[in-house]
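Structure first, then comments.
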Amino acid sequence: MIPINYIKSNKEEVLARLEKRGPQYLDLLEKVLKTDFERRQTQQNRDTVLEQANALAKEIGICFKNGEHDKGNALKVKTQSLKEESKRLEEALRALEEKMRNELSAIPNMPHDKVPKGFSENDNIVERVWGEALQNTDGFLCHWDLAAKYDLIDFETGVKITGAGFPLYKGKGAKLQRALINFFLDQAELQGYLEVQPPIMINEESGFGTGQLPDKEGQMYYVEKDNMYLIPTAEVPLTNIYRNAILTEDELPIKITAYTPCFRREAGSYGKHVRGLNRLHQFDKVEIVQISHPDNSYNTLEVMCSYVSGLLEKIGLHHRVLRLCAGDLGFASACTFDMEVYSEAQKRWLEVSSVSNFEYYQSNRLQLRYKSKVNNKKELVHTLNGSALALPRVLAALLENNQTPEGIRIPEVLVPYTGFEMIE
RNA sequence: GGAGAGAUGCAGGAGUGGUUGAACUGGCACGCCUGGAAAGCGUGUGUACCGCAAGGUACCGAGGGUUCGAAUCCCUCUCUCUCCGCCA
């Protein structure tokens, strides 16, 4: 949620930025400001009534202490109407607070200045392309065929054990996956990220903190008996480490990384585009998260992007960096870059990472703040995260792009991790 | 899963119905002292919301209730600890 005070004191800016997402949010903005106004008035009224009631109670106490029972009892009568009034106002206030929260939750994050206008993925801007497509890819097999040919992934058995979208990696397929995880984690550590292993089930509060709940409830697997969700991304547990926390300015930026499986229901997506590893219900991912001083967050975003891009360079994957347009931006994000690798056999781009700055959107929900050195006040931080990287599509591109008549060649940097140079 | 104990401010820890937002100790900040430091002394030190301000309101795990008045009494829930059971 955008902090209400930020909206109040920067209305023009919020309006201008939000407008990029479309005009439908401007009304919401007015609405929430109105609700906020009513809320404040109601609070004032309630406080006044309570003040009177408190004063009376105090007076009554003194009366009884001094033995003036008659006077005390007389005063008691007066409290009755105040009590009813305060109860009424209390309820009204609570309703208004909830209304405001709901209205605020319906407003997406404001796109950053540099986010282009646009409605669909066609309006995204290609920021950078690294590498180029191969010249001769005649006879190239798609990764699902390669996986079968070299016995790397057994989709059918995954279906038998669980269902579609839960692949079973085998032999060198499993090893390659493990190698990638270790490589990505080691790289992150070199950049100063602290590796953690978080829980992969989360409670409701955590889901709310990072913005998955209540909106994206249907995307997550839910364990009803214990009221928990399987994480759709490590972003949720990693960022929620710092829910309700007050950091010192010296602690910033906080940089953490984790490897976790991720679970997504992906309800309603079927067909060719979700074949093989393209879209799964369970997949592995290494995530990086930064908690940043608001003044530095956009610099941080750039650093994170080039880091992710650098990873793809190291494993030699032709890729591009997209600056997402307002229409393609996630609800909670203020600015997002997507990294897509080129799949030589499928002849299309596959998203392998998404790096975002959420500004105050998550920290406001999380109540994640730092103590400012300037005024010693508690201020909200900016949160950022990115995939570094999501495994299945990297694996898919790696298999497809590195296929040769002799087998699949493993990128040099990964050989120390896999222990083999070729999949034959 | 069964039995018991507990949850108070940055931390420890008092407080069992009335000027208690909360004693006391420590921590921290500032000042004095010192050549400098330690010790010592003094002062200060919660958060959120409303308000231009004065000030007000709320908060003693969470939510309800009793009462003119609740950290304090009652109910429900959550969490932590100890013992037993089970277990990778």
Re B:A11: Watson-Crick or G-U wobble partner, both distances kept under 3.5 Å, found to be B:U25
Under a 3.5 Å limit on both distances, the Watson-Crick or wobble mate of B:C59 is B:G46
inquiry  = Less than 4.0 angstrom between a side-chain N/O of A:Arg40 and OP1 or OP2 of B:C49, yes or no?
reply    = no
Check your understanding: Salt bridge check: are A:Glu379 and A:Arg369 linked by an N-O gap of less than 4.0 Å?
Key -> no
If pairing means Watson-Crick or G-U wobble with both distances under 3.5 Å, then the partner of B:U72 is none
When rounded to whole Å, the CG to P distance for the pair A:Asp226 and B:U78 reads 12 Å
Rounded to whole Å, the CD-P distance (A:Gln367 to B:G46) equals 20 Å
| query | Using the C1' atom in both, what is the distance from B:A7 to B:G63, to the nearest Å? | reply | 16 Å
- Give a yes or no on whether the backbone of A:Leu141 and the side-chain of A:Gln403 come within a donor-acceptor separation of less than 3.5 Å. yes
Applied to residues 246-258 of chain A, the side chain to side chain donor-acceptor pair (under 3.5 Å) test, sequence neighbours excluded, yields A:Thr248-A:Glu251, A:Asp250-A:Lys373
Applying the 3.5 Å cut-off to both distances, the Watson-Crick or G-U partner of B:C52 turns out to be none
If you measure from the P atom in B:A11 to the same atom in B:G27, how many Å do you get, rounded? 15 Å
Atom CD of A:Glu251 and atom P of B:C10 are separated, to the nearest Å, by 16 Å
Students often get this wrong, so: under 4.0 angstrom with heavy atoms, is A:Leu50 touching a base, only sugar-phosphate, or nothing? sugar-phosphate
Contacts of A:Lys378 and A:Ile4 projected onto RNA chain B by closest heavy atom; the upstream (5') one is A:Lys378
| query | Between A:Lys8 and A:Asp36, is there a side-chain N and carboxylate O pair less than 4.0 Å apart? | reply | yes
Quiz item: Quick one: is A:Asn54 getting a side-chain N or O under 4.0 Å of the B:A58 phosphate, OP1 or OP2?
Solution: yes
Rounding to 0.5 Å, atoms OH (A:Tyr259) and CG (A:Leu185) come to a distance of 9.5 Å
On a heavy-atom basis, the closest approach of A:Met304 and A:Gly386 is CE-N, 3.9 Å
Practice item. Using the C1' atom on both, measure B:G85 against B:C77 and round to a whole Å. Key: 25 Å
Applying the 3.5 Å cut-off to both distances, the Watson-Crick or G-U partner of B:C83 turns out to be B:G2
Rounded to whole Å, CD of A:Gln43 lies from P of B:G55 at a distance of 18 Å
Atom NZ of A:Lys371 and atom P of B:C28 are separated, to the nearest Å, by 14 Å
Partner of B:C41 under the Watson-Crick or G-U wobble criteria, both distances under 3.5 Å, comes out as B:G31
Between B:C24 and B:C41, how far apart are the two P atoms, rounded to whole Å? 15 Å
From the candidates B:U19, B:G51, B:C49, the one with an atom nearest any side-chain atom of A:Arg39 is B:C49
Separation of B:A11 atom P from A:Ile246 atom CD1, nearest Å, is 11 Å
Here the distance between atom P of B:A48 and atom CZ of A:Arg101, to the nearest Å, is 18 Å
query = Taking atom P in both B:G51 and B:G40, what distance in whole Å separates the two?
reply = 46 Å
**Distance between P atoms of B:U67 and B:C84 (Å, rounded)** = 45 Å
(request) Using a heavy-atom cut-off of under 4.0 Å over every strand shown, decide if A:Gln44 touches base, sugar-phosphate, or nothing. (result) sugar-phosphate
Between A:Arg46 and A:Glu97, whichever has its closest RNA chain B nucleotide further toward 5' is A:Glu97
C1' spacing across the pair B:U43 / B:C33, given as an integer number of angstrom | 15 Å
Whole-Å distance, A:Asn5 CG to B:C50 C1', equals 11 Å
**Prompt:** If you look at every strand shown and take non-hydrogen atoms under 4.0 Å, does A:Lys78 touch a base, only sugar-phosphate, or nothing?
**Reply:** nothing
With sugar-phosphate taken as primed atoms, P, OP1 and OP2 and all else as base, the protein-contact string of nucleotides 59-76 of chain B at under 4.0 Å (heavy atoms; B, S, -) is -----S---BS-------
Does this structure show an ion pair linking A:Arg17 with A:Asp113, if we count only N-O contacts that are shorter than 4.0 Å?
no
Q) Would you call A:Arg46-A:Glu90 a salt bridge at under 4.0 Å N-O? A) yes
Quick one: does NZ or CZ of A:Arg365 land under 6.0 Å from the six-membered ring centre of A:Phe208, within 45 degrees of the ring axis? yes
Worksheet item: Quantified in whole Å, what is the C1' atom distance between nucleotide B:U20 and nucleotide B:U16?
Response: 13 Å
